[in-house]
Amino acid sequence: MLRFPSAILVALLVTLFANTADADDHVTIRTEAGPVVGRQLGDIAVFKGIPFAAPPVGPLRWRPPQPVAAWRAPLDASAYGPACPQVTYPATPNAGGYMGPTSEDCLNLNVFAPKGAHRAPVMVWIFGGGNVAGANSIPPNDGSAFARDGVVLVSVNYRLGALGFFAHPALTKAAPAGEPLANYAIMDQIAALKWVRRNISRFGGDPSNVTIFGESAGGQDVLTLMTSPAARGLFAKATVQSGGGWGKTPSLGQAEAQGSALTQKLGLAADASPDQLRALPAAALVGAVQGFAGTGPIVDGHIVTESIAQAFAKGDQASVPLIIGTNSDEASLLPASNYSAFLANQLPAVVAAYPDAAADPRELARAIFDDEVMGAPARWLAARQSVKAPAYLYYFSYVRVVRRGKIPGANHTSENPYVFDTQMGIPNYADQIQAQDRAMAALVHSCWVSFAKTGAPTCKGASAWPTYAPARDQLMEFGLTPDVRSEFRKAQRDSVERAVGPGSDH
C-alpha cells in the first residue's frame with residue numbers, strides 16, 4: 001500500500017475535493033455529506049439529484065427526515081433524482097415522459113448556480129401539484145434562467161400524498177415524545193432549507209438571503225412555512241403563486257380518523273400496527289388517496305400550530321417581504337360538471353356582486369371561483385402581511401399569442417414558464433412562442449429576480465410596482481399592457497371576503 005506524508009495527503013484531498021471544473025466541464029463541490037460532481041454549462045453550474053435526507057423508507061416512512069449517510073466517492077449529480085411516488089394525470093407533463101422514474105427514496109434537490117458566484121441570492125422552489133403530484137424534472141421548473149441572471153436556484157423534492165401528509169392513531173402512539181407528526185412533506189421542505197443554510201455557500205449562494213417560492217399547493221406550503229415556528233429564520237423573503245390561504249386545516253385527531261379509514265380501505269384492521277402500516281406498498285397508498293379529501297397541512301402542534309388564516313389574522317407569520325398573486329382563469333381548476341353545485345353553495349350577496357356575469361351560469365361560476373378560491377385570499381393575505389413587511393400583490397392575465405380567443409384567460413399554473421423564463425425549453429411548445437410572449441417572460445422573470453436580490457420587485461420595462469396597502473388597494477397586472485391597477489375587482493372581492501373569508505359564519 002502506498003503511504004503519503006500527512007501534508008501531501010492533505011494537499012491531495014484538497015485538490016480532489018475542492019470546487020473544481022475539469023476539461024470535460026465537470027465541476028466538483030464538496031457538500032457536508034460528500035463530494036458531488038455536476039456539469040458546467042456555459043456560465044452556469046448544474047447539480048441534480050443531491051440527497052438532503054436519508055431515504056424515508058422502511059422504519060423511516062412517516063418519520064421526520066433523518067440525516068443522510070455521508071459518502072466518500074464523488075456522487076454523480078448530472079441527472080435528476082427520482083420523483084416521489086404520486087398520482088399521475090393524463091394532462092400532466094409526465095404524460096410525455098418528462099418526469100422520469102419515481103421512488104420512495106426521493107428526498108433530493110437540484111442546484112443551478114452562476115459561474116463564479118459569491119454570496120449570490122438564493123431562491124428555493126417548491127413545486128405545485130395538489131401535494132399529490134409534481135416534480136422538478138419537468139421542463140417548466142428548470143432553474144437555468146435564474147442562474148443566468150445571478151441567482152442560485154434550488155428546487156426540492158418532498159413526500160407527496162399519503163406519504164407526505166398522514167396521521168394514524170398507531171403512529172401517534174408509537175412516536176417518541178415531542179416528535180412532530182403528520183406533516184412529513186413540510187418537514188422535508190424544512191430539512192431542505194436547513195441543508196441550504198449549511199451548504200449553499202459552497203455553491204456561491206448567500207445563506208442569509210434565501211427566498212422561498214411556490215405555486216398552487218407549493219404556494220400553500222410556502223404560506224405554511226411562513227406560519228410554522230419550525231421554519232422561522234430559514235428564509236428572508238417569500239413569493240406565493242396561486243396558493244389560496246383560506247382553506248380549513250384539519251386537527252391531528254381528524255387526520256388520524258382519515259388515515260385509519262384510508263388504511264382500512266387497503267385491507268388493514270382499525271388497530272393495525274406501525275409495522276403493518278409501513279409494510280403497505282407505496283403505490284397502494286398513492287392510489288388510495290384518490291377519493292379521499294385532498295392532502296395538505298395538519299395541525300399537529302409542532303410543525304403546524306394553526307391554520308394559515310388564523311396565523312395571518314393574529315400576526316403570527318414571518319415578518320418577511322412577500323409577493324403574492326393569482327391568475328385570471330383559476331377556474332380552470334373547476335370542472336364544468338361542478339358549476340351548478342358550486343353556484344348552489346353561494347350566498348345571494350355574493351352572486352349579487354357579479355351582475356355582469358349573472359346571465360351566464362358558466363361565466364358566473366368561473367368568476368366567483370376565481371375570487372373566492374384565489375383572488376380574495378391573496379388580497380387578504382397581502383393586507384395582513386403589509387403590517388409586518390413589504391407585500392406586493394399581482395394578477396397574471398397574459399395569454400400566449402397563439403391561444404388568444406381560444407381560452408378564457410391565464411389558466412392555473414400558466415405563469416410558471418414566465419416566472420422561470422423556460423418557454424423556449426418546453427418540448428412541443430417553443431415553436432409556438434412569439435416575440436411578445438418572450439418579452440412578457442423577460443418582464444415577469446425580472447420581477448422575481450430583483451425581488452430575490454433586493455426584496456423589492458423592479459420589473460424591467462414596467463411601471464414601478466407599489467407595495468400593497470389596503471387604503472390604496474393596488475396590484476400589478478401582468479396582461480397585454482402590464483400596469484398598476486387600483487381597486488381591482490374590489491366590489492366582488494369585498495363581497496366574497498365578507499361572505500366566506502376568515503371570521504365569516506359561512
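Just so we're clear, the structure is a prediction, and the values are computed from it rather than from any experiment. Each residue takes its place number in the sequence, starting with 1.
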Checklist entry - Considering residues at least two apart in sequence or located in another chain, which fulfil the side-chain contact (heavy atoms from CB on, under 4.5 Å) criterion with R232? => result A318
Could you tell me if the ring centre of [X] sits under 6.0 Å from that of [Y]?
X    : Y    : value
Y418 : F396 : yes
F127 : Y158 : yes
F47  : F203 : yes

Checklist entry - Can you tell me how far OH of Y394 sits from CD1 of I323, rounded to the nearest 0.5 angstrom? => result 8.5 Å
Item to check | L193 CG to R198 CZ distance, which is reported to the nearest 0.5 Å | outcome: 10.5 Å
Next on the checklist: Using a 6.0 Å cut-off, check whether atom CG of D43 has over 12 heavy atoms from anything other than its own residue.
Outcome noted: no
[X] vs [Y] aromatic rings, parallel, tilted or perpendicular, using cut-offs 30° and 60°?
X    : Y    : answer
F478 : W448 : tilted
F312 : W380 : tilted
W465 : Y392 : perpendicular

Item to check | Full working for side chain to side chain donor-acceptor pair (under 3.5 Å) between E256 and T172 | outcome: CA-CA 8 Å; E256 287 175 346; T172 301; 2.5 Å; yes
Counting only pairs under 3.5 Å, give me each side-chain donor-acceptor contact of residues 111-124, with atom names and distances, residues two or more places apart or in other chains.
from : atom 1 : to   : atom 2 : distance (Å)
R119 : NH2    : D206 : OD1    : 2.8
R119 : NH2    : D206 : OD2    : 3.4

